[in-house]
Protein chains: 2
Amino acid sequence: MNGRVTRSDRVAATRETILVAAERLFAEHGLAAVSNRQISQEAGQGNNTAVTYHFGSKAGLVRAIVRKHTEQVEEIRMRMVLDCDGSTRLRDWIACMVEPFAQHLADLGTPTWYGRFSAQAMSDETYREAVSQEALNSPSLLRAGEGLHRCLPDLPIEVRRERQDMARQLMVHMIAERERALAEGGTTPRDSWHRAAVGLTDALTGLWLAPVTEVGSPAAPETVPHGNA
Amino acid sequence: MNGRVTRSDRVAATRETILVAAERLFAEHGLAAVSNRQISQEAGQGNNTAVTYHFGSKAGLVRAIVRKHTEQVEEIRMRMVLDCDGSTRLRDWIACMVEPFAQHLADLGTPTWYGRFSAQAMSDETYREAVSQEALNSPSLLRAGEGLHRCLPDLPIEVRRERQDMARQLMVHMIAERERALAEGGTTPRDSWHRAAVGLTDALTGLWLAPVTEVGSPAAPETVPHGNA
DNA sequence: ACGTAAGTCATGCGCCTGACTTAAAAGTGG
DNA sequence: CCACTTTTAAGTCAGGCGCATGACTTACGT
């Protein structure tokens, strides 16, 4: 409550510095390519084992990065999910999954690294488990999932699971790709994170609404009812 | 044309051994986590510089792996594209993109590694360029793209590009995930590569057909007041 | 039949890594 | 004000890495 700099403040600052440095290095060079030493140096720490000291291990560090952002995304999403309460429009619930992530990156301002970091962490055998655990067990995400399910009650359970995976992969990797394009100064088709999220939501809505082909039966109809867009 | 084992036969065998070993190690541990030494040893080569010698660099090795499989996929896809000639069914062309990859993995028999390898290579900054170049400049793929375009002539060019990216990401990562599940002996929702491809094709058809939301005013603020400032 | 060049092997060098040890610095609580 | 704990700094160590080098083996062309 006073202006004094306590010990825990300074420790928190050090941890934060390490988190930020690690996030950037990871995003730019990949998780496996960045050593704990590099991270410590980049964070201005003289000790080459600062990462181990503060986070136990590289995996612990990765988890901490994910948690930090997840908390903020969670806040945005929870508000959005509450707004959508009772909605029967599929698109609303899909937006609840996509928009908060995009919004969070927009809030952070250019440049960001968490998008690329997420994609790399999810693609890496060593950390995918930890990341999923940290990011997927979110109350708001579960509620959005339920809302979505209510819009598509007839979708077979396996197909739902399958498309859940698809949606996750698509969201993370497309956001990472846009972030990369931004970082490289290239042109992006959508000129804001919000618009990118709209494009993603469009596509995911189509994906979820796609009719399920029964294998053995002939081809699916070409034109699909996109009634609720 | 006698039965003798020529030198070039033995060299080709060595190269192939290295390719196979590398593919497996890469798929299981990630590109960055596997050293050229490990690959050489795994391939039974006494020399720790075998990779450099035969492929110039790790990037060259990665390219060679991609090329090897791309050739076979290309063959399958070209046949399929010719079959679809003149078709106006969107689904046909999407299938031309998905099925050959799945078919190829099915042909290889369990276990396979190329699916996971592809996903990792595409997610890695260091190699994504080389991989794209190797895999995306395929005549059959371009023709399928044209066929697909003809089915959706009114789709804005930026959206088409965007969804092309989506389709690629989705295909590669979902195939990788299925391969991973197979390798770990877990249950997979679809019980064959073909059926998995059908599920993927369903989803992608919906994705491509999804209506495009026009975002209203040109300048949406990037940082949106969610809640209150 | 023999010289040459390609392929393979073995080894050493400099660099970087994570883990570990030791010591200094800085905040905390009696 | 002092003993104590936590945090940061600095340095050591064994091991793995890519790369360069040189010797050995062997198929091929003349």
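Protein chains get the first letters and strands the later ones, always in sequence-line order, with residue 1 at the start of each.
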Round to the nearest Å and state the distance from [X] atom [atom1] to [N] atom [atom2].
X       : N      : atom1 : atom2 : answer
B:Asn47 : D:dC19 : CG    : C1'   : 11 Å
B:Gln38 : D:dG15 : CD    : P     : 17 Å
A:Ile18 : D:dT7  : CD1   : P     : 12 Å
B:Gln41 : C:dT8  : CD    : C1'   : 15 Å
A:Glu42 : C:dC16 : CD    : P     : 15 Å
A:Ile39 : C:dA19 : CD1   : P     : 12 Å
A:Leu61 : C:dG18 : CG    : P     : 12 Å

Is the phosphate of [N], meaning OP1 or OP2, less than 4.0 Å from a side-chain N or O of [X]?
X       : N     : answer
B:Tyr53 : C:dG7 : yes
A:Thr14 : D:dT8 : yes
A:His54 : D:dT8 : yes

Which residues satisfy the side chain to side chain contact (heavy atoms under 4.5 Å, CB included) test with B:Ala95, sequence neighbours excluded?
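Listed in chain order: B:Met80, B:Glu99, B:Thr201.
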Using the side-chain contact (heavy atoms from CB on, under 4.5 Å) definition, which of the options A:Val11, A:Leu61, A:Leu19 pairs with A:His54?
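Only one option passes, and that is A:Val11.
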If you count the non-hydrogen atoms of other residues, nucleotides and ligands that lie under 6.0 Å from CZ in A:Arg180, is the total more than 12?
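For A:Arg180, atom CZ is crowded (more than 12 foreign heavy atoms under 6.0 Å).
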Count the heavy atoms of every other residue, nucleotide or ligand shown that sit under 6.0 Å from CZ of A:Arg190, and state whether that count exceeds 12.
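More than 12 heavy atoms, drawn from other residues, nucleotides or ligands, come within 6.0 Å of this atom.
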Short side-chain donor-acceptor distance under 3.5 Å, B:Asn137 and B:Gln133:
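No donor-acceptor contact under 3.5 Å links the two side chains.
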When you check the side-chain N and O atoms of B:Gln38 and B:His29, is any donor under 3.5 Å from an acceptor?
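Absent: no donor and acceptor within the cut-off.
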Per [X] side chain, nearest of listed nucleotides [options]:
X       : options                : result
A:Gln45 : D:dT7, D:dC19, D:dA9   : D:dA9
A:Asn36 : C:dG18, C:dC20, D:dG18 : C:dG18
B:Arg37 : D:dC19, D:dA9, C:dT17  : D:dC19
B:Asn48 : D:dT7, C:dG12, D:dA9   : C:dG12

Here's a test of your reading of the structure: between A:Thr49 and A:Ser35, which maps to the more 5' nucleotide of DNA chain C?
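That would be A:Ser35.
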Mind telling me whether B:His104 and B:His69 have parallel, tilted or perpendicular rings, with 30° and 60° as the class edges?
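Plane angle over 60°, so perpendicular.
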Quick check: on DNA chain D, is the nucleotide nearest B:Thr52 upstream (toward 5') of the one nearest A:Gly46, or the reverse? Name the residue that is more 5'.
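First, find each residue's nearest nucleotide; the 5'-ward one identifies A:Gly46.
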DNA chain D contacts made by residues 23-33 of chain B, counting heavy atoms under 4.0 Å:
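Here the set is empty: none.
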Rounding to 10 degrees, work out the angle separating the end axes of the helix from C:dA1-D:dT30 to C:dG30-D:dC1 (five pairs an end).
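Both end axes considered, the difference amounts to 10°.
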Do B:Glu125 and A:Arg116 meet the salt-bridge criterion of a basic N to acidic O distance under 4.0 Å?
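Salt bridge between A:Arg116 and B:Glu125, a charged N being under 4.0 Å from a carboxylate O: no.
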Is it true that B:Arg161 and B:Glu158 make a salt bridge, defined as a side-chain N closer than 4.0 Å to a carboxylate O?
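Answer for the salt bridge query: no.
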Once rounded to the nearest 0.5 Å, what's the spacing between atom NE2 of A:His173 and atom CE of B:Met166?
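Separation between the atoms: 13.5 Å.
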